[in-house]
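First the structure, in the form of structure tokens, and then the observations on it.
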Amino acid sequence: MGATLDLSRAPTAKAPAKPNIAGMTRDELRAAIVDAAVALAPKARMRASQVWRWVHHYGVTDFDRMTDVAKETRAAMAKAFTLARPEVVERQVSRDGTRKWLIRTAPGVEVETVYIPDVGRAGALCVSSQVGCTLNCTFCHTGTQALVRNLTAAEIVAQVQVARDDLGEWPSPKEDRRLSNIVFMGMGEPLYNLDGVAAAIDIIADNEGIAISRRRITVSTSGVVPELKALGERTQAMLAISLHATRDALRDELVPLNRKYPIAELMAAIRAYPGLSNARRVTFEYVMLKGVNDTPADAKALVRLLAGLPAKINLIPFNPWPGAIHECSDWPTIEAFAAILNRAGYASPIRTPRGRDILAACGQLKSESEKLRASARRKVTSS
Ligand code: SAH
Ligand code: SF4
């Protein structure tokens with residue numbers, strides 16, 4: 001069997017009382033170093049740069065590895081801050097190379113992160129921005145879970161660090177990386193956590209550290225219209241829109257947020273997205289739901305709606321989950337839909353399902369592993 005399922009767990013880590021340096025932007029790090037009296041203000045900039053490189057380029061988790069920082073300073077930093085990684089509760093590897101981690105960042109706060117090889121330049125990491133979601137898209141399992149809370153920048157960056165640890169990508173390679181792209185397509189609505197997401201992107205994109213270019217970072221939203229401009233201005237990230245329907249009546253049902261921000265308003269905000277160009281296209285995600293949004297007429301309406309926009313289309317075969325009211329469209333239906341998009345000039349629009357054997361697909365995160373763990377617990381107690 002190619003897939004492994006590791007249910008072993010270390011004892012629960014206590015929530016760190018000290019702030020984690022990995023979640024601080026450069027400015028915050030400098031200020032924190034001054035506040036903690038680790039360096040006098042004029043030296044703080046240099047000290048912060050040194051520390052930054054150790055944390056984000058070398059990925060160290062121990063202040064004592066920072067060999068060009070004076071011993072007393074290292075000790076003072078260790079007193080004031082932490083560099084500890086969160087606990088990895090579960091790690092799974094799919095037959096197709098997809099990897100999934102369940103990460104406990106604080107007691108009761110667990111997030112899933114998925115690495116998908118051969119996506120983007122080399123491989124993409126799908127990160128979560130919230131635990132649960134306040135929106136209730138009918139086809140999404142995350143939407144059935146109440147929002148626990150927004151993730152902090154540190155908790156978002158930690159997802160990248162954990163993946164990097166596992167892929168053996170420290171120090172940050174400039175060439176031949178396996179983790180080349182980041183997509184905010186895990187749990188939650190990133191635009192309801194713009195502060196955390198924007199700070200995390202500043203950290204991840206920094207050239208002296210993890211150095212993933214903003215052009216390789218994509219933020220997916222269900223369409224929080226008032227935040228789109230700020231997203232573009234604050235992050236310069238690539239935009240993905242979960243469209244799924246071209247008529248308000250249907251989108252109101254599938255993506256209830258549409259009742260607040262209908263399609264015409266959404267399209268206007270997308271056209272005004274900062275930096276949009278042929279080299280920086282917006283991606284439209286469209287989940288294929290049998291008998292709901294998958295006819296040739298729907299495909300033609302999609303082409304009409306996107307006319308004149310620098311756009312890519314991503315058709316996502318629906319990933320079923322227990323209790324879902326939808327089914328995935330048949331393969332010939334998806335192909336016929338894609339052919340119409342192809343003829344209109346959109347290349348290879350079908351997203352191949354990945355990591356299905358480890359339940360790592362879109363919209364399946366977290367709850368499925370909770371179920372698996374619950375059943376594993378049952379097995380342990382009954383044996
Ligand atoms: N909240 C954001 C980002 C997370 S969802 C958003 O909605 O865009 C990432 C993508 O997965 C979205 O396009 C979402 O519509 C899609 N998705 C959710 N559940 C799915 C499922 N069961 N099958 C296929 N795609 C799904
Ligand atoms: Fe939330 Fe996105 Fe799922 Fe909708 S699709 S419920 S916005 S995570």
Side-chain angles (χ1 to χ4, degrees), residues 111-114 116 119 124-151 156 159 181-194 196-197 200 217-225 227-228 231 237-245 250-261 266 269-270 282-290 292-294 302 311-329 334 349-356 359-368:
V111 289
E112 282 196 348
T113 306
V114 178
I116 313 145
V119 168
L125 191 71
C126 178
V127 296
S128 298
S129 56
Q130 302 184 308
V131 184
C133 188
T134 51
L135 303 170
N136 299 98
C137 303
T138 52
F139 48 84
C140 175
H141 206 178
T142 306
T144 64
Q145 300 162 47
L147 177 73
V148 176
R149 69 163 167 77
N150 278 345
L151 294 175
I156 297 170
Q159 298 173 57
N181 294 61
I182 305 271
V183 294
F184 282 82
M185 294 183 186
M187 299 172 65
E189 171 48 59
L191 294 200
Y192 281 159
N193 182 16
L194 188 52
V197 167
I217 300 178
T218 302
V219 176
S220 172
T221 177
S222 56
V224 186
V225 166
E227 299 293 340
L228 279 185
L231 172 73
M238 305 298 283
L239 178 65
I241 299 285
S242 297
L243 189 65
H244 309 316
L250 179 58
R251 195 164 190 271
D252 280 352
E253 236 178 85
L254 300 177
V255 183
L257 186 66
N258 194 70
R259 295 176 204 157
K260 213 164 167 185
Y261 309 118
L266 177 59
I270 296 167
V282 53
T283 300
F284 285 90
E285 295 160 282
Y286 195 99
V287 61
M288 296 300 291
L289 305 171
K290 189 178 198 161
V292 175
N293 64 355
D294 61 355
L302 181 57
K312 290 187 261 190
I313 301 172
N314 225 318
L315 297 181
I316 317 175
F318 170 66
N319 291 301
W321 38 273
I325 55 170
H326 301 289
E327 282 175 70
C328 184
S329 308
I334 298 179
I350 307 176
R351 185 187 293 173
T352 335
R354 303 294 297 270
R356 278 201 162 167
L359 306 165
C362 289
Q364 290 185 320
L365 299 190
K366 168 86 184 281
S367 43
E368 287 289 357

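Any value given below was found using the heavy atoms of this structure, including those in side chains, with hydrogens, waters and symmetry copies removed. For ligands, and for the atoms within them, numbers begin at 1 and follow the listed sequence.
- With rounding to the nearest 0.5 angstrom, the CG atom of L231 is 6.5 Å from the CG atom of L239.
- In this structure, CG on L191 lies 9.5 Å from CG on L257, to the nearest 0.5 angstrom.
- Of all atoms in ligand 1, numbered sequentially from 1 with element shown, those under 4.0 Å from a heavy atom of T221 are 6 (C), 8 (O).
- Not a single N or O atom of H141, backbone or side chain, sits closer than 3.5 Å to an N or O atom of ligand 1.
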- [ ] For L266 and L228, run side-chain contact (heavy atoms from CB on, under 4.5 Å): C-alpha distance rounded to whole Å, both residues' side-chain angles, the deciding distance at 0.1 Å, then the answer.
- [x] CA-CA 9 Å; L266 177 59; L228 279 185; 4.3 Å; yes

Task: Chi angles and distances behind the side-chain contact (heavy atoms from CB on, under 4.5 Å) call for L250, H244 - done: CA-CA 9 Å; L250 179 58; H244 309 316; over 6 Å; no

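- To the nearest 0.5 angstrom, C137 atom SG is 10.0 Å from N258 atom CG.
- In N319, the parts holding a heavy atom less than 4.0 Å from any atom of ligand 1 are both the side chain and the backbone.
- Here's the thing with V287: none of its N/O atoms is less than 3.5 angstrom from an N/O atom of ligand 1.
- Protein-derived N/O/S atoms nearer than 2.8 Å to atom 1 (Fe) of ligand 2 total 1, waters excluded.
- The ligand atoms of ligand 1 that sit less than 4.0 angstrom from a heavy atom of G188 are 1 (N), 2 (C), 3 (C), 4 (C).
- Heavy-atom contacts of W321 reach the following atoms of ligand 1: 22 (N) (cutoff under 4.0 Å).
- Nearest to atom 2 (C) of ligand 1 by heavy atom, out of S220, P317, A240, is S220.
- In this structure, D294 contributes its side chain and I334 its backbone to no donor-acceptor pair below 3.5 Å.
- Using a 4.0 Å heavy-atom cutoff, H244 is listed among the residues neighbouring ligand 1.
- Distance check, rounded to the nearest 0.5 Å: CD1 of I316 to CD1 of I350 gives 12.0 Å.
- Between P320 and ligand 1 there is no heavy-atom distance shorter than 4.0 Å.
- Numbered from 1 in the order shown, with element, the atoms of ligand 1 that lie under 4.0 Å from a heavy atom of C140 read 18 (C), 19 (N).
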Open item on the list: For L135 and V255: C-alpha separation, side-chain torsions, deciding distance, then whether side-chain contact (heavy atoms from CB on, under 4.5 Å) applies.
Closed with: CA-CA 8 Å; L135 303 170; V255 183; over 6 Å; no

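- When heavy-atom distances to ligand 1 are checked against a 4.0 Å cut-off, M185 comes that close through both its backbone and its side chain.
- Judged by the shortest distance from any of its heavy atoms, C133 lies outside the 4.0 Å radius around the atoms of ligand 1.
- Taking every non-hydrogen atom of S222 and a distance limit under 4.0 Å, the qualifying atoms of ligand 1 come out as 6 (C), 7 (O), 8 (O).
- Atoms CG and NE2, from N319 and H326 in turn, are 13.0 Å apart once rounded to the nearest 0.5 Å.
- Remark: the E189 side chain and the T221 side chain contain an N/O donor-acceptor pair separated by less than 3.5 Å.
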TODO: In sequence, state the C-alpha distance, the side-chain angles, and the governing distance for L243 and L302, and then conclude on side-chain contact (heavy atoms from CB on, under 4.5 Å).
DONE: CA-CA 10 Å; L243 189 65; L302 181 57; 3.6 Å; yes

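- To the nearest 0.5 angstrom, F284 atom CZ is 12.0 Å from N314 atom CG.
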